[in-house]
Amino acid sequence: MAGHDMLIAKKAYDFSKWLLLHTGKFPKSYRFSIALRLENGVLEFTELVAIANMREKKSDLLHQADEVLTRLRILFRLSYELKFISITSYEFGSCQITELGKMLGGWLKKIEQVAENS
C-alpha cells in the first residue's frame, strides 16, 4: 500500500467522523433525507477507498468513489444553503471534500498511467 493511498482512506475516515457528528444536529424533518444520505455517502466513500486500497484492480471502485463524492458535494452544499450547518463548518467540510477529490483524482491518474505503460 502506497503512502498516499492509505492517506486518503485515513482522511476519509476522519471526515466521516466529523460529518457524522454534524448530521446529528440536522432538523428532524431532514434526518431521514439529507442527513441520512450524507451519512451513507461519506461511509460509502470511506469504504470504497479502503477496499480499493486492498485490491489489485482499483479503477472501478475509485470511479464509484468519485461519483459518491460528487453526490456528497451537492448534499453538503444543500445542507449549508438550508442553514443546517454554519459557514465555518461548510468551509471546513468543503475543503475536506475538495482535498479528498484531489487525492482521488491523483490516485486515478496514477493508475491510468501505470495501465498505459504496461
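Remark: E99 CD to M103 CE distance equals 6.0 Å, nearest 0.5 Å. In this structure, S79 OG and H22 NE2 are separated by 11.0 Å, a value rounded to the nearest 0.5 Å. Taken from CD1 in I51 to CD in E44, the straight-line distance is 10.0 Å, to the nearest 0.5 Å.
For Y90, the ring-ring contact (aromatic ring centres under 6.0 Å, His included) test picks out F76, Y80, with sequence neighbours left out. Among residues two or more places apart in sequence or in another chain, the ring-ring contact (aromatic ring centres under 6.0 Å, His included) test is passed with F92 by W18. Shown here are the salt bridge (Lys or Arg N to Asp or Glu O under 4.0 Å) partners of R55, two or more places apart in sequence or in another chain: there are none. For E81, the side chain to side chain donor-acceptor pair (under 3.5 Å) criterion is met by R77, not counting sequence neighbours. Residues that satisfy the salt bridge (Lys or Arg N to Asp or Glu O under 4.0 Å) test with K25, not counting sequence neighbours, are absent from this structure.
Contact record, A50 with A9: CA-CB, 4.4 Å, taken as the closest heavy-atom pair. Shown here for S59 and L108, the closest heavy-atom pair between the two residues is O-CD2, 4.2 Å.
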Worksheet item: Between L72 and L100, is a side chain to side chain contact (heavy atoms under 4.5 Å, CB included) present by the stated rule, with each step listed?
Response: CA-CA 11 Å; L72 271 176; L100 288 169; over 6 Å; no
Discussion item. Quick one, L104 with F45, criterion side chain to side chain contact (heavy atoms under 4.5 Å, CB included). Give me CA distance, side-chain angles, the key distance, then yes/no.
Written reply: CA-CA 11 Å; L104 182 62; F45 180 84; 3.9 Å; yes
Item to complete: For K11 and D14, run side chain to side chain contact (heavy atoms under 4.5 Å, CB included): C-alpha distance rounded to whole Å, both residues' side-chain angles, the deciding distance at 0.1 Å, then the answer.
Response: CA-CA 5 Å; K11 278 199 149 301; D14 290 343; 5.6 Å; no
Practice prompt. Start with the C-alpha gap between K17 and L21, add the side-chain angles, then the distance that decides, and say whether side chain to side chain contact (heavy atoms under 4.5 Å, CB included) holds.
Written response: CA-CA 6 Å; K17 287 194 309 188; L21 291 173; 5.7 Å; no
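Residues Y13 and M6 do not share a hydrophobic cluster, defined by chaining ILVMFWY side chains whose heavy atoms lie under 4.5 Å apart. In the hydrophobic clustering of this structure, I111 groups with L61; members are Ile, Leu, Val, Met, Phe, Trp, Tyr whose side-chain heavy atoms approach within less than 4.5 Å, directly or through other members. Put simply, I87 and L19 are part of the same group of oily side chains (I, L, V, M, F, W, Y) that touch within less than 4.5 Å, one to the next. Residues V68 and I74 do not share a hydrophobic cluster, defined by chaining ILVMFWY side chains whose heavy atoms lie under 4.5 Å apart.
At least one side-chain heavy atom of I97 sits less than 4.5 Å from a side-chain heavy atom of F15. For the pair Q96 and E91, the minimum side-chain heavy-atom distance is 4.5 Å or more.
T46 places a side-chain N or O within donor-acceptor distance of the main-chain N or O of A12, the cut-off being under 3.5 Å. No donor-acceptor pair under 3.5 Å is formed between the side chain of D66 and the backbone N or O of L62. Between the side chain of S89 and the backbone N or O of I85 there is no donor-acceptor pair closer than 3.5 Å.
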Which pairs would a plain distance check flag for residues 31-38, meaning a side-chain donor or acceptor within less than 3.5 Å of a matching protein atom at least two apart in sequence or in another chain?
| residue | atom | partner | partner atom | Å |
| --- | --- | --- | --- | --- |
| R31 | NH1 | T23 | O | 2.7 |
| R31 | NH1 | E39 | OE2 | 3.3 |
| S33 | OG | Y30 | O | 3.4 |

